[in-house]
Amino acid sequence: MFDRVWLNAHLATMDGPGLGIIEDGAVAAKDGRIAWVGPRTELPGPAAETVDCNGAWVLPGLIDCHTHLVFGGNRAAEFEQRLAGATYEQIARAGGGIFSSVRATRAASEDELYEAGLPRLQGLLAEGVTTVEIKSGYGLDLESELKMLRVARRLGETQPVTVATTLLAAHAVPPGYEGGTAAFARHVAQDIVPAAIGLADAVDAFCEGIAFSPEETGWVFGAARARGLPVKLHADQLSDLGGAALAARYGALSADHLEYASAEGLRAMAAAGSVAVLLPGATYFLREARHPDIAAMRAAGVRMALSTDMNPGSSPARSLLLMLNLGCTLFRLTVEEALLGVTRHAAAALGMEDRGVLRAGARCDLALFGIGRPAELCYWLGGNPCLGRVVGGA
C-alpha cells in the first residue's frame with residue numbers, strides 16, 4: 001500500500017520527451033519517495049491517504065541552485081545613488097559595494113542573519129521551491145564565513161526545505177588584507193576550506209579579472225577536491241578567462257553566469273557533465289548588454305539551469321518564478337528549457353540526481369500550481385499560482 005496518492009492532477013514530470021506531460025495523472029509516494037507515477041487509470045494500488053488536486057498541475061518541487069541568501073543589511077541606498085548618477089567607483093570609494101555587505105555581515109550575529117534570511121527563504125518556498133543552495137562569501141574571514149554556513153544550515157533545519165551549502169570564501173579579497181589575491185587564495189585553500197568540512201556541501205570561487213585568476217582558483221579547487229568536496233564556479237561573467245574550461249577540468253558541478261564563455265569552453269563543460277547556470281536577474285539588474293550564448297550552449301549539448309542569484313549587490317531577486325520569465329524574454333529560452341532549468345537541470349547543478357523529476361525512486365518533492373498549462377509559469381510577470389508543496393512525501 002502507498003502512503004499517499006495525489007489524484008485529479010495534470011503532471012509535468014520533466015522526464016521527457018518534452019515536459020513529460022501526463023494528463024489526468026497520479027503520483028504515489030512511499031517512505032518519502034515517489035513509488036509510482038502515471039495516468040490515473042493505471043494506478044496499481046490503494047493508499048493510506050488520497051489527495052484530490054482539483055485539476056492542478058503538479059511539477060517536481062522547484063530548485064533554486066544559486067543564491068547568496070544569507071547576508072547582512074542591503075544596498076538599496078547604493079541603488080538609489082546609482083539612479084541619481086553616482087558611478088560604481090564613487091560608491092566604492094565612499095565605502096559601498098561588496099565591502100559594505102561584508103561589514104554588515106561581519107557585524108551581524110547568527111540570530112540576526114537567520115532572521116534576515118528567513119523571509120527571503122520563505123518567499124521562495126511560497127512559490128514552490130523545495131531545494132535551495134545558499135552560498136557564503138560576504139564574511140571573507142574564517143569565522144564570518146563559517147558563521148554564514150551555520151546560518152544556512154539552520155535555515156534548512158528549521159524550515160521544510162533542503163538547503164545545500166556552498167563555501168564562497170574566494171569571492172573577493174577583504175579590505176586591508178595584505179598580499180593581494182594570491183595570498184588570500186592560499187589562505188582560503190589552506191585554512192578556510194579545511195575548517196568548512198561538515199558545514200559546506202561544495203566550494204565555489206569567483207574567477208574574474210576583478211577577483212581571482214584561474215591559477216589562484218585552482219589552488220582553492222585543489223584543496224576542495226582533496227577533501228572530497230565538489231566545486232562550482234562563478235565563470236566568464238565579465239570577460240573570458242577560460243572559466244568554463246577551468247570548471248570542466250575540475251569536474252565542476254556547474255559554472256555560473258557564462259556571459260563571455262567561449263564555444264570551446266562550453267563544449268568542455270558538456271563533455272565533463274558540468275551544468276551551465278544562467279542568472280538573468282543579474283543581467284537585468286545590471287543592465288548588461290552581453291548575454292550568455294544560448295545557441296552555443298545548445299550546440300554543445302550543455303545542460304542549462306536557471307536561478308535567482310539572490311544577493312544584495314547585483315541581483316536582489318526574491319522570485320524564482322520571475323526568473324522563468326526573464327530567462328525566456330532576455331535569453332530566449334524555450335518554455336521547456338526554462339522549466340528544466342528550475343527542476344531537473346538545477347538538481348544536477350547541485351549534484352542531487354534524486355530530485356527534479358517525477359519518476360519512481362525520486363525524492364517526493366512536488367509543487368502544485370493553479371494554472372491552465374505549464375507555459376503560464378514562464379508567461380506571467382508577477383503573481384504566484386503555487387497552491388502548495390510536498391516535501392519528502394509530506
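All heavy atoms count here, side chains included; hydrogens, waters and symmetry mates do not.
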Can you name the nearest heavy-atom pair linking [X] to [Y], along with the distance?
X	Y	answer
Thr308	Thr67	OG1-CG2, 3.8 Å
Leu229	Ala200	CD2-O, 3.3 Å
Phe285	Ser314	CB-O, 3.3 Å
Ser136	Ala169	OG-N, 4.1 Å

Do Thr130 and Arg363 have side-chain N/O donor and acceptor atoms under 3.5 Å apart?
no
Are [X] and [Y] packed together at the side-chain level, in the sense that at least one heavy-atom pair is separated by less than 4.5 angstrom?
X	Y	value
Leu279	Ser315	no
Thr217	Tyr250	no
Thr158	Tyr114	yes
Ile294	Arg332	no

Could you check whether atom [atom1] of [X] has more than 12 heavy atoms from other residues, nucleotides or ligands sitting under 6.0 Å from it?
X	atom1	result
Glu23	CD	yes
Glu264	CD	no
Trp380	CH2	no

Report the residues that fulfil side-chain hydrogen bond (donor to acceptor under 3.5 Å, both in side chains) with Arg359, sequence neighbours left out, ordered by chain and then residue number.
Asp15
[atom1]-[atom2] distance between [X] and [Y], expressed to the nearest 0.5 angstrom:
X	Y	atom1	atom2	answer
Thr105	His68	OG1	NE2	12.0 Å
Asp354	Thr131	CG	OG1	8.0 Å
Leu333	Met323	CG	CE	12.5 Å
Asp256	Glu133	CG	CD	7.5 Å
Ser254	Asp204	OG	CG	7.0 Å

Hey, is the main chain of Gly273 close enough, under 3.5 Å, to the side chain of Arg303 for a donor-acceptor pair?
yes
Think Arg373 forms a cation-pi with Tyr379, using NZ or CZ under 6.0 Å from the six-ring centre and within 45 degrees of its axis?
no
Both conditions, 6.0 Å and 45 degrees, for the charged tip of Arg290 above the ring of Tyr260: are they met here?
yes
Single-linkage hydrophobic cluster, 4.5 Å side-chain cutoff, Leu253 and Ile134 together:
no
Any pair with a residue in residues 34-61 that passes salt bridge (Lys or Arg N to Asp or Glu O under 4.0 Å), sequence neighbours left out, goes on the list, sorted by first then second residue, please.
Arg4-Glu49, Asp24-Arg40
Out of the candidates Lys135, His66, His234, only one should pair with Asp309 under the side-chain hydrogen bond (donor to acceptor under 3.5 Å, both in side chains) rule; please name it.
His66
Sole candidate of [options] that passes side chain to side chain contact (heavy atoms under 4.5 Å, CB included) when paired with [X]:
X	options	value
Val132	Leu62, Leu350, Asp64	Asp64
His187	Ile192, Val220, Val193	Ile192
Leu324	Leu326, Leu321, Leu322, Leu320	Leu321

Using the salt bridge (Lys or Arg N to Asp or Glu O under 4.0 Å) rule, take Glu110 and Arg154 through it: C-alpha gap first, then chi angles, then the decisive distance, then the call.
CA-CA 10 Å; Glu110 290 190 25; Arg154 181 178 167 191; 5.5 Å; no
Would Asp141 and Lys147 pass as an ion pair if we require N to O under 4.0 Å?
no
